[in-house]
Amino acid sequence: MSAQLRSRFVTPGDREAMARSLAGRRIEAIRRHGKFIVCQLDRGVLTIHLGMTGKLLLDGPEGTHSYGVFRLDRGTLVYDDPRQFGSIEYTDALPARVADLGPEPLGISLEDFLARLKARRTRIKPLLLDQGFVRGIGNIYADEILFRARIHPRAVASRLSRRRAMELYAAMRETLALAIEHRGSSISDYVDAAGEKGSFQLLHRVYGREAKPCSECGGPIRRILVVQRGTHYCPRCQRS
DNA sequence: CAGATCACCTGCTTGC
DNA sequence: TGCAAGCAGGTGATCT
């Protein structure tokens, strides 16, 4: 590959060094680690995080917010990110923040999940968002999972009964499996690498549905702040 | 350790 | 129509 980089997450000096290091490299494997895209190269590792508005498009258009352009033998990967909350890094080995991620929510066993939950005295919503607890869950899916599990976003993790914790585990797996099946949630502009939108936003029960009727009880969905994140839930269906 | 606050950015929507 | 405020899919630093 050859790379042009403008990401503000790399200092200007490092950008040139990174572009030089990437020149002529071959991608040997690409894996997802939670929200990170990790490209194993013939030398070193290229790690990309899309942040909130990042897109990595194969042969996508280049515009004002294209902060990384990777020319490959077949096609060009364009990294576009208006808000610049994403990141591109090149390291010798897997970066610590990727190595330190918690387990995959679709990979962890029920017993491991229950044990990890029991050990934490924090509120359940920020815990689901904590990438060291489980990897890959963001704000949309935390809200949708908690609705499905009928658990209040401010419930204390360690105080959930075994039964309710099991329901949370099931809700997490079901919600994520369904979302993957529908190829994600396109709220305003999210698209996958091929430029395709997802359709899971059509199945959201609480996220983005403030004041609309709950699909279970008909009462209004409420929006509150939990650790400074917009949080949507049904006050009647979801209990601490 | 948990939580609050702020910071990083642009762009879209809402309300006056 | 214009302008300011508020909001957005994420993460990390710093302070209490």
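Letters A, B, ... mirror the listed sequences (proteins, then strands); counts begin at 1.
- Straight-line distance from the CD1 atom of A/Ile224 to the C1' atom of C/dG6: 18 Å, rounded to whole Å.
- Comparing B/dT10, B/dA2, C/dT11 by their closest approach to the side chain of A/Arg120 singles out B/dA2.
- Atom P of B/dT5 sits at a distance of 15 Å from the matching atom of C/dG6, rounded to the whole Å.
- C/dC3 and B/dC8 are spaced 25 Å apart, taking the P atom of each and rounding to whole Å.
- B/dT10 and C/dT1 have their P atoms separated by 26 Å, given to the nearest Å.
- Distance, A/Arg6 CZ to B/dT10 P: 11 Å, rounded to whole Å.
- Spacing between atom NE2 of A/His182 and atom C1' of C/dG9 amounts to 19 Å, rounded to whole angstrom units.
- Toward the 5′ end of DNA chain B lies the nearest nucleotide of A/Arg121, the other residue of the pair A/Arg121 and A/Gln228 mapping further downstream.
- At the heavy-atom level, A/Gln131 lies under 4.0 Å from the strands shown only through sugar-phosphate atoms.
- For A/Arg183, the CZ atom is loosely surrounded, since the number of other residues' heavy atoms within 6.0 Å does not exceed 12.
- Each of A/His33, A/Glu89, A/Gln131 was checked for a side-chain hydrogen bond (donor to acceptor under 3.5 Å, both in side chains) with A/Arg97, and the lone residue meeting it is A/Glu89.
- Taking only side-chain nitrogens and oxygens, A/Lys55 never comes nearer than 4.0 Å to OP1 or OP2 of C/dG9.
- DNA chain C is contacted by both A/Gly230 and A/Arg97; A/Gly230 maps to the nucleotide lying nearer its 5′ end (nearest heavy atom per residue).
- On the P atoms, B/dT14 is 16 Å away from C/dG9, given to the nearest whole Å.
- Regarding A/Arg183, its CZ atom lies at a distance of 17 Å from the C1' atom of C/dG9, rounded to whole Å.
- Residue A/Phe36 is out of contact with every strand shown, counting any heavy-atom pair closer than 4.0 Å.
- By the neighbour-count criterion of 12 heavy atoms within 6.0 Å, atom CZ of A/Arg121 is sparsely surrounded, having that number or fewer from other residues, nucleotides or ligands.
- In this structure, of B/dA2, B/dA4, C/dG9, it is C/dG9 that holds the atom nearest to the side chain of A/Met52.
- When distances run from any side-chain atom of A/Tyr207 to the nucleotides B/dC9, C/dA8, B/dG11, the shortest one goes to C/dA8.
- When both distances must be under 3.5 Å, the Watson-Crick or G-U wobble mate of C/dG9 does not exist.
- Proximity note for A/Val227 (side chain, C-beta onward) versus C/dT11, B/dA4, B/dC9: the nearest is B/dA4.
- Proximity of A/His65 to the phosphate of B/dC9: no side-chain N or O atom is located under 4.0 Å from OP1 or OP2.
- Here C/dG9 presents its C1' atom at 15 Å from CG of A/Asp192, a figure rounded to the nearest Å.
- Protein atom CZ of A/Arg83 is 15 Å distant from nucleotide atom P of B/dA7, rounded to whole Å.
- The aromatic ring centroids of A/Tyr79 and A/Tyr67 lie 6.0 Å or more from each other.
- OP1 and OP2 of B/dA7 both lie 4.0 Å or more from every side-chain N or O belonging to A/Arg8.
- Distances were taken from every side-chain heavy atom of A/Ile140 (C-beta onward) to each of C/dG9, C/dG10, B/dA2; the shortest belongs to C/dG9.
- Among the atoms of the strands shown, none is found under 4.0 Å from any heavy atom of A/Arg154.
- Contact annotation for A/Asp189: base contact, defined as any heavy-atom pair under 4.0 Å involving a base atom.
- A/Tyr141 and A/Asp143 share no donor-acceptor pair across their side chains, judged by distance under 3.5 Å alone.
- For a distance-only test at 3.5 Å, the side chain of A/Arg123 fails to qualify as a donor-acceptor partner of the base of B/dA2.
- With sequence neighbours excluded, no residue forms a salt bridge (Lys or Arg N to Asp or Glu O under 4.0 Å) with A/Arg83.
- Residue A/Arg229 is classed as a base contact, given a heavy-atom separation below 4.0 Å to a base.
- Among the atoms of the strands shown, none is found under 4.0 Å from any heavy atom of A/Ser87.
- Applying the 5.5 angstrom centroid cut-off and the 30 degree plane-angle cut-off, the aromatic ring of A/Phe85 is not stacked upon the base of C/dT11.
- Qualifying ring-ring contact (aromatic ring centres under 6.0 Å, His included) partners for A/Tyr207, counting only residues two or more places apart in sequence or in other chains: A/His204, A/His232.
- Candidate nucleotides B/dC8, C/dT11, B/dT10 were compared by shortest atom distance to the side chain of A/His49, and C/dT11 ranks first.
- The interatomic distance linking A/Asp130 (CG) with B/dG3 (P) rounds to 11 Å, in whole Å.
- Within 4.0 Å of A/Ser188, counting heavy atoms only, lies at least one base atom of the nucleic acid.
- With a cut-off of 3.5 Å on both pairing distances, the Watson-Crick or G-U wobble partner of B/dT14 is C/dA4.
- Atom CG in A/Asp81 sits about 13 Å away from atom P in C/dT11, given to the nearest Å.
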